Amino acid sequence: MGAKITIIGAGSVGATIAYTMSNIDIASEIVLIDINKKKVEGEVLDITQGTAFRGPISIVGGEYEDAAGSDIVIITSGVGRKPGQTRIDLTQTNVNILKSITPEIVKYAPDAKYIIVSNPVDVLTYVFTKISGLPENQIVGSGTLLDTARLRSTMSDFYKVNQRNCHAFVFGEHGDSCFVPWSCAKISGIPLEQYKDRMPASMVPAEKWDCEKVEEHVRTSGGQIIANKGATFYAIANSVIDLCKKLLSAYDSIACLSSLMHGEYGIEDVCLNVLTVVGPNGIKGKIEMPLTDEEVAKLKHSADVLKDVINQIEI
């Protein structure tokens, strides 16, 4: 028996999550909720007609009460940044949307694990944590899970090796102040800075690995996709479904996710992306990687950037 998963928001991201989820055996029931009822009706009909090619699955458009009994609730609602709009203006708008959603959904699904996907994801994860009244272990922001996938994809392409052999993470904010702790980056257990010297001569890339260039790519590739096609939704959908699998698994996993900090690396009262233990009981805690002093400083800077935004909004 699969899980019951509710998705709030039937825009590009929410609908793509629902569609992708309908093609794999993770959920037996998917509920899609959005203020735009016609959009929900169309998405549900389109997705449902494609499920004739798989085992039975229930996909319905519903109201908040239909989320009762959900194992996972995914929140994707929000608006994109408009020309001339400041980041703070956008943040307050999406905070207000989240504030309107939170009491309604929590009332009907108090035991669900909540995945916050809407941007700015770290700020909204913080707001949801503060206003929902739910235990912190039930709340996780998708954060830099996708950024980390972009990083590993770049490593894989450069060194022509399976992504599963690439171990590196994106820490901090899901945004401009994110960074890669290169001191901990490895390929199959070999520190990245040593890997080229240990490769077979025939496999050594002609170019030199450039950490700054790679970090810039990780930070800007989402914006490049938006500039080219208007929105990002395929990769974020896959990353959210991967997170759902972790929450529904029999064992805990470790991933770079956003949740409230409680003194790790000397940082408190902000949601930030660091190594997090996540599994069937939600978030169990964080694992402190042995960062360099410079990397800790970058993490604290990222926390300060987010705190500055939080201090300028009304929660």
Side-chain angles (χ1 to χ4, degrees), residues 2-24 26-82 85 89-121 124-125 127-128 131-134 139 141-142 226 229-234 236-241 243-244:
K4 178 175 181 178
I5 299 178
T6 292
I7 302 167
I8 301 179
S12 296
V13 173
T16 304
I17 291 172
Y19 167 71
T20 308
M21 195 175 287
S22 75
N23 287 310
I24 59 176
I26 185 173
S28 58
E29 186 174 355
I30 299 171
V31 179
L32 189 59
I33 300 172
D34 195 287
I35 193 171
N36 187 338
K37 307 301 181 188
K38 284 291 186 182
K39 181 70 158 57
V40 169
E41 183 180 327
E43 295 291 359
V44 168
L45 182 60
D46 194 12
I47 294 170
T48 300
Q49 289 177 346
T51 62
F53 303 100
R54 57 150 292 156
I57 182 173
S58 170
I59 304 171
V60 299
E63 306 293 341
Y64 289 115
E65 53 263 35
D66 296 306
S70 294
D71 296 286
I72 296 173
V73 174
I74 302 167
I75 299 179
T76 71
S77 301
V79 298
R81 187 169 173 176
K82 298 179 176 63
Q85 187 178 38
D89 289 338
L90 171 65
T91 300
Q92 188 64 64
T93 298
N94 285 346
V95 165
N96 292 342
I97 292 172
L98 183 65
K99 286 163 66 176
S100 69
I101 291 170
T102 300
E104 298 298 322
I105 187 62
V106 168
K107 177 167 60 176
Y108 294 106
D111 299 321
K113 309 298 187 304
Y114 283 78
I115 300 176
I116 312 301
V117 182
S118 309
N119 277 317
V121 62
L124 295 185
T125 302
V127 172
F128 188 83
I131 70 175
S132 67
L134 296 176
I139 305 165
S142 58
I226 292 170
K229 58 175 279 188
T232 64
F233 39 88
Y234 296 134
I236 184 61
N238 278 328
S239 68
V240 170
I241 288 172
L243 181 49
C244 287

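As a basis for the values below, the full set of heavy atoms in this structure was taken, side chains included, without hydrogen atoms, waters or symmetry mates. None of the values given here were measured: they were computed from a predicted structure.
- Within the structure, salt bridge (Lys or Arg N to Asp or Glu O under 4.0 Å) contacts touching residues 5-20 (residues at least two apart or in different chains) do not occur.
- Side-chain contact between Ile5 and Ile74: present, with at least one pair of heavy atoms (C-beta onward) separated by less than 4.5 Å.
- Remark: Phe233 engages Ser12, Val13, Thr16, Lys229, Ala231 in a side-chain contact (heavy atoms from CB on, under 4.5 Å) (not counting sequence neighbours).
- Every residue two or more places apart in sequence or in another chain that forms a salt bridge (charged side-chain N to carboxylate O under 4.0 Å, His left out) with Lys107 is listed here: Glu104.
- Legend: side-chain hydrogen bond (donor to acceptor under 3.5 Å, both in side chains) pairs involving residues 51-63, not counting sequence neighbours, sorted by first then second residue: Asp25-Arg54, Lys37-Glu63.
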For the pair Leu134 and Ile139, evaluate side chain to side chain contact (heavy atoms under 4.5 Å, CB included) and give the outcome as yes or no after the intermediate values. CA-CA 8 Å; Leu134 296 176; Ile139 305 165; 4.2 Å; yes
Could you please spell out the steps behind the side chain to side chain contact (heavy atoms under 4.5 Å, CB included) verdict for Tyr114 and Val106? CA-CA 10 Å; Tyr114 283 78; Val106 168; 4.1 Å; yes
Could you go through the side chain to side chain contact (heavy atoms under 4.5 Å, CB included) check for Asp66 and Ile33 one step at a time? CA-CA 9 Å; Asp66 296 306; Ile33 300 172; 5.6 Å; no
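- Phe128 contributes atom CZ, which lies 8.0 Å from atom CD1 of Ile105 (distance to the nearest 0.5 angstrom).
- Evaluation of the ring-ring contact (aromatic ring centres under 6.0 Å, His included) test over residues 48-77, restricted to residues two or more places apart or in two chains, returns none.
- A donor-acceptor pair under 3.5 Å is formed between the side chain of Asn96 and the backbone N or O of Gln92.
- Here the options are Val117, Ile97, Ile35, Ile7, the test is side-chain contact (heavy atoms from CB on, under 4.5 Å), and the partner is Ser77; only Ile97 passes.
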Dump the intermediate steps for side chain to side chain contact (heavy atoms under 4.5 Å, CB included) on Asp34 and Lys39, then the final yes or no. CA-CA 8 Å; Asp34 195 287; Lys39 181 70 158 57; 5.5 Å; no
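- Under the side-chain contact (heavy atoms from CB on, under 4.5 Å) criterion, Ser118 pairs with Ile75, Leu124, sequence neighbours left out.
- Between the side chain of Thr48 and the main chain of Leu45, no donor-acceptor pair closer than 3.5 Å is present.
- Summarising the local packing, OH of Tyr19 is surrounded by 12 or fewer heavy atoms from other residues, nucleotides or ligands at distances under 6.0 Å.
- Here the side chain of Asn94 pairs no donor or acceptor atom with the backbone of Gly78 at under 3.5 angstrom.
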